[in-house]
Amino acid sequence: MKFRVERDVLADAVAWAARSLPVRPSAPVLAGLLIDANDQGLVLSTFDYETSARATLNAEVHDEGRALVSGRLLADICRSLPAKPVEMVLDGARVSLTCGSARFSLQTMPVDDYPTIPTMPEATGTVQSDVFAHAVAQAVTAAGRDDMLPVLTGVRLEIDGSTIALLATDRFRLSQCELGWDPRTPDDTVAALVPAKVLGDTAKSLTAGSEVTIALSASGSGEGLIGFEGTGPGGVRRTTTRLLDGEFPKVRSLFPAEKLTTATVDKAALIESVKRVALVAERNTAVQLAFSDGVLTLDAGSGDEAQASESIEATIVGEDITTGFNPQFLLDGLGAIDQPTVELSFTQASKPVVLSGILEPGADGSGQVDPGFRYLLMPRRLLS
């Protein structure tokens with residue numbers, strides 16, 4: 001194996017492929033990055049039996065061949081190289097890397113022990129890459145992080161014709177995001193439960209090109225596979241990951257059909273106020289929100305402890321209401337909303353609030369809510 005490639009192209013592709021390497025691999029070879037130089041160019045791959053990454057890039061291949069080296073070490077080396085072409089040569093059990101006057105010699109691992117990289121499923125459709133990345137970033141806000149509840153660490157991806165819905169929940173909050181896309185089969189209706197971390201990292205990393213191809217295998221869970229393909233610097237990039245097994249809770253019904261009280265507020269002002277008041281909130285205690293007479297009053301702290309209170313303007317329609325929320329969860333939801341004005345809608349104080357962005361605020365502060373993203377948050381018990 002012998003090839004020559006531009007430093008920036010190689011460094012970017014190696015960093016992209018190595019980002020999903022396991023921290024504690026179950027076998028030494030799973031910490032490796034597979035280098036495959038052939039007549040099509042250069043292919044860099046990683047796989048840990050769950051998630052695979054494959055970057056194809058242009059290179060001057062003089063001798064075809066394959067080598068398996070430490071992925072993280074190669075990424076560190078490539079990141080530190082001078083801005084000159086890189087030459088890599090396989091010599092016995094070692095790979096030599098030369099860039100300008102810098103030279104490295106890397107120990108290889110047995111290629112035959114490396115697992116077979118999964119094949120990309122048949123394409124299901126395409127979506128605009130930046131729109132998809134933004135929608136995924138909104139959705140994963142509410143995804144669970146408790147590995148003891150693996151189903152809740154996923155994002156439910158629902159495809160219904162030309163619409164994709166993304167749903168995530170950790171039991172305390174729920175996000176729902178909808179976007180349009182271009183399906184290969186217009187009448188398809190399919191759902192998949194995708195690991196939230198993989199989905200978030202992948203969507204964010206495939207924005208160099210204009211489109212992302214989504215490829216979903218026939219199985220909806222368990223042994224099912226989903227793949228994503230996009231364009232990166234120097235070539236094509238593909239990621240596949242196994243779908244999560246289990247039944248995602250039926251969460252759509254949690255969004256109330258009616259609004260008895262709505263409050264419209266300036267998002268930036270509310271975020272800053274929550275941050276300040278939450279400074280005195282003890283761990284796992286709520287920040288109180290009281291809506292009354294065109295004012296939202298935030299309070300935190302009680303008894304002999306530090307206390308804080310702050311009021312901001314709000315347009316309130318309906319009955320006065322006082323409730324409380326985990327301040328970080330509230331900030332997460334507000335931060336995921338695009339619009340500068342937000343609506344908080346309630347049925348009653350003991351029920352969840354629904355946060356939505358206002359597309360075009362009217363003269364009275366109200367307006368049409370953004371149908372693309374909703375964030376539901378459960379209330380917390382207030383300290384007496």
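A donor-acceptor contact closer than 3.5 angstrom is absent between the side chains of R374 and S356. With no hydrogens or angles considered, a side-chain donor-acceptor pair links S311 and T297 at under 3.5 Å. Residues T264 and T315 have side chains that never bring a donor and an acceptor to within less than 3.5 angstrom of each other. There is no side-chain donor-acceptor pair under 3.5 Å between T207 and D130. Judged purely by distance below 3.5 Å, without hydrogens or angles, the side chains of T341 and Q339 never pair a donor atom with an acceptor atom.
Within a 6.0 Å sphere centred on CD of Q348, heavy atoms belonging to other residues, nucleotides or ligands number more than 12. For E64, the CD atom counts as densely surrounded, since its 6.0 Å shell holds more than 12 non-hydrogen atoms of other residues, nucleotides or ligands. The local environment of CD in E122 is sparse, with at most 12 non-hydrogen atoms from other residues, nucleotides or ligands closer than 6.0 Å. Crowding of K267 atom NZ: a count of heavy atoms from other residues, nucleotides or ligands under 6.0 Å exceeding 12. Other residues, nucleotides and ligands contribute more than 12 heavy atoms inside 6.0 Å of the CG atom of D113. Heavy atoms of other residues, nucleotides or ligands lying less than 6.0 angstrom from CD of E247 number 12 at most.
A distance of 13.5 Å separates NZ in K84 from CG in D8, rounded to the nearest 0.5 Å. Atom OG of S175 is separated from atom CZ of F373 by 5.5 Å, given to the nearest 0.5 angstrom. Atom NZ of K275 sits about 9.0 Å away from atom CD of Q328, to the nearest 0.5 Å. Atoms CZ and CZ, on R7 and R79 in that order, are 9.5 Å from each other to the nearest 0.5 Å. Residue E229 holds its CD atom at 12.0 Å from CD1 of I214, rounded to the nearest 0.5 Å. In this structure, CZ in F132 is found 8.5 Å from OG1 in T202, a value given to the nearest 0.5 Å.
The closest donor-acceptor contact from the side chain of R19 to the backbone of W16 lies under 3.5 Å. With hydrogens and angles disregarded, a donor-acceptor distance shorter than 3.5 Å links the side chain of T169 to the backbone of R171. Between the side chain of Y375 and the main chain of V353, no donor-acceptor pair closer than 3.5 Å is present. Of the possible donor and acceptor atoms, none in the side chain of S52 sits under 3.5 Å from a partner among the backbone N and O of D48. Between the side chain of Q138 and the main chain of A336, a donor-acceptor pair closer than 3.5 Å is present. Side-chain N or O atoms of T46 include none that pairs as donor or acceptor with a backbone N or O of A18 at under 3.5 Å. In this structure, T347 contributes its side chain and L260 its backbone to no donor-acceptor pair below 3.5 Å. Between the side chain of N326 and the backbone N or O of F329, at least one donor-acceptor pair lies under 3.5 Å.
Between V61 and A37, the shortest heavy-atom contact is CG1-CB, 4.0 Å. For the pair P379 and T323, the tightest heavy-atom approach, listed with the atom from each and the gap, is CB-OG1, 3.6 Å. The minimum heavy-atom distance between L10 and C78, with the atom names listed, is CD2-SG, 3.9 Å. Closest approach of L21 and G32 over heavy atoms only: CD2-O, 3.6 Å. Smallest separation of non-hydrogen atoms from A102 and P82: CB-CD, 4.5 Å. The heavy-atom pair separating T119 from L225 by the smallest distance is O-CD2, 3.8 Å.
Looking only at side-chain heavy atoms (C-beta outward), E313 and V295 stay at 4.5 Å or farther from each other. Proximity of R54 to V43: side-chain heavy atoms (C-beta onward) are separated by under 4.5 Å at one or more points. No side-chain heavy atom of L152 sits under 4.5 Å from any side-chain heavy atom of D146. In this structure the side chain of L330 reaches within 4.5 angstrom of the side chain of L377, judged on heavy atoms. Residues L74 and I35 are in side-chain contact: their nearest non-hydrogen atoms beyond the backbone lie under 4.5 Å apart. The shortest side-chain heavy-atom distance between S205 and R237 does not fall under the 4.5 Å cut-off. Residues F47 and L33 have side chains not in contact (no heavy-atom distance under 4.5 Å, counting atoms from C-beta outward). Within the 4.5 Å cutoff, the side chain of R94 has heavy atoms near those of the Q107 side chain.
One hydrophobic cluster holds both V9 and V86 under the rule that ILVMFWY side chains link at heavy-atom gaps under 4.5 Å. Note: the hydrophobic cluster containing V89 does not contain V95 (ILVMFWY, side chain heavy atoms under 4.5 Å, direct or indirect links). Follow the hydrophobic side-chain contacts under 4.5 Å out from L206 and you reach L179 in the same cluster. L68 and V14 are not part of a single hydrophobic cluster, where members link through side-chain heavy atoms under 4.5 Å apart. Grouping the Ile, Leu, Val, Met, Phe, Trp and Tyr side chains by contacts below 4.5 angstrom, directly or via other members, places V69 with L42.
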Could you walk me through whether L270 and L334 satisfy the side chain to side chain contact (heavy atoms under 4.5 Å, CB included) test, starting with their C-alpha distance in whole Å, then the side-chain angles of each, then the deciding distance to 0.1 Å, before giving a yes or no? CA-CA 9 Å; L270 180 54; L334 292 169; 3.8 Å; yes
Does the side-chain hydrogen bond (donor to acceptor under 3.5 Å, both in side chains) test come out yes or no for D299 and S309, once each step is laid out? CA-CA 4 Å; D299 290 283; S309 180; 2.9 Å; yes
Check step by step if side chain to side chain contact (heavy atoms under 4.5 Å, CB included) holds for R66 and T108. CA-CA 10 Å; R66 306 171 81 207; T108 62; over 6 Å; no
Mind running salt bridge (charged side-chain N to carboxylate O under 4.0 Å, His left out) on D201 and K197 for me, showing each step along the way? CA-CA 6 Å; D201 290 346; K197 186 178 186 308; 2.9 Å; yes
Please walk me through it: do V155 and L167 pass side chain to side chain contact (heavy atoms under 4.5 Å, CB included)? CA-CA 6 Å; V155 173; L167 295 158; 5.9 Å; no
Output, in order, the C-alpha distance, side-chain angles, deciding distance and verdict of side chain to side chain contact (heavy atoms under 4.5 Å, CB included) for I337 and L355. CA-CA 8 Å; I337 292 173; L355 278 65; 3.9 Å; yes
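Relative to the ring axis of F325, R380 does not place its NZ or CZ within 45° and under 6.0 Å from the centre.
E178 meets the salt bridge (Lys or Arg N to Asp or Glu O under 4.0 Å) test with R252; sequence neighbours excluded.
Annotation: F346 is in aromatic contact with F291 [ring centroid separation under 6.0 Å].
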